[in-house]
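Letters go in sequence order (proteins before strands), and every chain restarts at 1.
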Protein chains: 4
Amino acid sequence: MAKSATRSRLPTRDAILAAAQYEFAAKGLSGARVNAISSRARANKRLIYYYFGSKEGLYLAVLERTYEGLRGAERKLNLDHLEPETAIRRLIEFNFEYCRKHPELISLINNENLHQAKHLRKSTKVRELHSPFVRMIDEILKRGVSKGVFRPGLDPVDVYITIASIGYFYLANNWTLSAIFARDLGARAALERRKKHNIDMMLHALRAKAPRAR
Amino acid sequence: MAKSATRSRLPTRDAILAAAQYEFAAKGLSGARVNAISSRARANKRLIYYYFGSKEGLYLAVLERTYEGLRGAERKLNLDHLEPETAIRRLIEFNFEYCRKHPELISLINNENLHQAKHLRKSTKVRELHSPFVRMIDEILKRGVSKGVFRPGLDPVDVYITIASIGYFYLANNWTLSAIFARDLGARAALERRKKHNIDMMLHALRAKAPRAR
Amino acid sequence: MAKSATRSRLPTRDAILAAAQYEFAAKGLSGARVNAISSRARANKRLIYYYFGSKEGLYLAVLERTYEGLRGAERKLNLDHLEPETAIRRLIEFNFEYCRKHPELISLINNENLHQAKHLRKSTKVRELHSPFVRMIDEILKRGVSKGVFRPGLDPVDVYITIASIGYFYLANNWTLSAIFARDLGARAALERRKKHNIDMMLHALRAKAPRAR
Amino acid sequence: MAKSATRSRLPTRDAILAAAQYEFAAKGLSGARVNAISSRARANKRLIYYYFGSKEGLYLAVLERTYEGLRGAERKLNLDHLEPETAIRRLIEFNFEYCRKHPELISLINNENLHQAKHLRKSTKVRELHSPFVRMIDEILKRGVSKGVFRPGLDPVDVYITIASIGYFYLANNWTLSAIFARDLGARAALERRKKHNIDMMLHALRAKAPRAR
DNA sequence: GATGAATGAGAGTTCATTCAT
DNA sequence: GATGAATGAACTCTCATTCAT
């Protein structure tokens, strides 16, 4: 009954959210168990319904919290005054590292796609978080074009999705890829190798082709 | 466990597999219901246990069947005698189209990664079905390099994963991306646009650059 | 696990219905417990859902079964060839005795009125059971009028409801009436007394007033 | 448990009682929800326990309040100086109208009978609130007999219960009767018709008959 | 008087699975 | 090959009630 001092400052609500994030990420919406969440949070099961109404309500709260985490981290990236190539490199690195450190993000997004984004669409919050990021990429690309390092005509959303793709896919499907190729693609060296490959590919893909005298 | 070949001729067994593929893809392993599968297959529930032993056994059978489908289609692609750039283009197109026409592949792979490829690793069959693509890509890249159209030093597995990434991610996360960017990225036009973008990016990424004066 | 021989001939479905009738009558729809029903029926709780879909489905089945019991007993009353006064007397006695022997009927009807007959209205079965009874009363009244023993102008549904009222109310509210009047109105003597009172009142109410020379 | 008189001045307590009366009447004791009562009363749930101790305590308070309302209305009826037939007519009308305007009375009485008057018996208050009707009816009958309009030998409790029966039953079972006879017995015209029928039946039942020649 | 947070027990319901035929 | 009946365990969710302030 007596709660340990370590979590007494964390309100129970947050403890539930954290536990739920873990469980939903590990098992999916249908696979996660309310019981498991409540005992992981050391909270009474009833409280989940008190605060979130239902398992789905809790799931949505976790989803929003997870996206907020990502957008918050993105906002801290200050790419505006970097060289365009450096900025893109940072972006790829950030994307790769964030996914690596937050496997729950991948799981939750996959799960949400399984449900055809039914829950995410209810959330207006998430949409607002996104546009500044696209604008940021747009400016990087434009600066790159005017400096002659990037080729013109690239759409920032396309580029963003491509950057996200090459990091996300490798990490999201690491288990099946490792099984099929019979290698450990999750080993530290493999991860570093992949990150470099992604940067290399992306920069080659964006780079202006024609030789330029300087 | 080893079942005789005669069984595969039974229509009920196939009906169960098809229904299960649909349900597992739509709801995930934990979300799918044995009841739903049996009624979709118009088969008695008991037969599922007769043929596959358990829900998990059925799931593994579905997984194998799904990978077999993919590998079979891959094997039909004959890229050996095409120009290297054309071959890559075909590969990207194939990958994109196959994922688009087989959303169950994406769902099942995602699901399997959620379970850390626990089931896939059990399957000896799947490993034998190794993608012929790696060898194919290796040859394409080599030919491209010797013809001077592709830059050297690229690993075929890396390239394969990158090609897979850019198609898969867009399609797998179509629902959440559409929600976040408030666009319909699943519309026919958007899909075509994306396919072209993927080819464009990939070819730029692989292409040998003219030397740059500095 | 081994079921006793006494109920082995009764299919489980019927055992569930009987147990449910008891529980719903004793506790009402919301007060009855599915657990209690299943253990009274010595049936697995799951079977209730297998056969009846839900607690409400079971409740409706009980309701229909209960009305069928009443209508079946009514049908066996053969009042067609009796003297009109005797027929009415029999009817009052029957109604009183049936309610007394089937307190579950009263409980279930009260409960159903609490729910504004929500469930009963779904049942087409119940409506069909009723019309022959009204016709029977109509014929008794007509014969009574033509014989000069009953006054004319009485509607058979009105009369039926009145007959039902005077028996039902006394029995249905026996507990509160006994509490308020501080008497045991459920004692055998009190019941007999009431039955006679009902017959007396009803016959006086129906009887032709004007003196008739014979 | 004995609460001071000052409490009844508090609006919150009364709001709770009113809300509880509504909920208990609409759903029964087991169907009513403490949450629903507190939010209907716009009172904190905790206050229900502060004032009434438990859900059952609240239920008993509601029951007492409801009976008090009935007895109060009964006491206002002054039938002593009316013609006996008029007095009976008024009594029947009053009973019918009171039940019609106070469906919660019916619900609560039904519910209380479901529980075998368990709660009512606990209440000393209710027993003190004896109906003044029995004495009233006794006097009316006696006057009627001495005037030659009513037949002798009728017990006032029997008559009271009969008057209560014919009004109560029709109204209490209005929903099921309407369903069974496929008519709207709750319509204004049907109610008026029934009220007249009740008066007619009762007066005929009580009336002294002219002697019959045989 | 009044309240938000918390709770243990148990509600109805659903699950994958097996029995008997 | 095929089936209807049956099952124990576990599920999500709700209940009346109490704690701490």
Do any side-chain nitrogens or oxygens of C:Y49 fall under 4.0 Å of OP1 or OP2 in F:dA6? no
Under 4.0 Å, counting only non-hydrogen atoms across every strand here, what does B:A36 touch: a base, just sugar-phosphate, or nothing? nothing
Please state how far atom OH in A:Y51 lies from atom C1' in F:dT12, giving the value in whole angstrom units. 20 Å
Length of the line joining B:N44:CG and F:dA2:P, which is rounded to integer Å: 9 Å
Are side-chain N/O atoms of A:E104 and A:T66 paired as donor and acceptor at under 3.5 Å? no
For A:H119, run the ring pair (Phe, Tyr, Trp, His ring centres under 6.0 Å) check against A:Y67, A:Y59, A:F24 and tell me which one passes. A:Y59
Closest-nucleotide ordering on DNA chain F, the 5'-leading residue of D:R46 and A:V34: A:V34
Can you work out whether D:S30 or A:K55 has the more 5'-proximal nearest nucleotide on DNA chain F? A:K55
Under-4.0 Å side-chain N/O to phosphate OP1/OP2 contact, A:T12 with E:dA6: yes
Identify the nucleotide, in any strand shown, that forms a Watson-Crick or G-U wobble pair with F:dT3, with both distances under 3.5 Å; if there is none, say none. E:dA20
Indicate whether OP1 or OP2 belonging to F:dG1 is found under 4.0 Å from a side-chain N or O atom of B:Y50. no
Tell me: CD1 of A:I16 to C1' of E:dA6, nearest whole Å? 10 Å
Euclidean distance, atom CG of residue C:L47 to atom P of E:dT13 [Å, nearest integer]: 15 Å
Would you mind reading off the distance between B:E23 atom CD and E:dC15 atom C1', rounded to a whole angstrom? 15 Å
Base-pairing assignment for F:dA9 (Watson-Crick or G-U wobble, both under 3.5 Å): E:dT14
Whole-Å distance, D:K45 NZ to F:dC19 C1', equals 13 Å
May I ask you to test the D:R40-D:E23 pair for a side-chain heavy-atom distance under 4.5 Å? yes
When you compare F:dT21 with E:dG1, how far apart are their C1' atoms, in angstrom units rounded to a whole number? 13 Å
Would you indicate whether C:Y51, at its atom OH, is surrounded by more than 12 heavy atoms from other residues, nucleotides or ligands within a distance under 6.0 Å? yes
According to a strict under-4.0 Å criterion, is C:N35 in side-chain N/O contact with OP1 or OP2 of E:dA11? yes
Please report the distance, rounded to the nearest Å, between CZ in A:R13 and C1' in E:dG4. 14 Å
A:E56 CD - F:dC11 P separation (whole Å): 18 Å
Closer than 4.0 Å, any side-chain N/O of D:R33 to the OP1 or OP2 of F:dA16? yes
Ignoring hydrogens and geometry, is there a side-chain-to-backbone donor-acceptor pair from B:N113 to B:I109 under 3.5 Å? yes
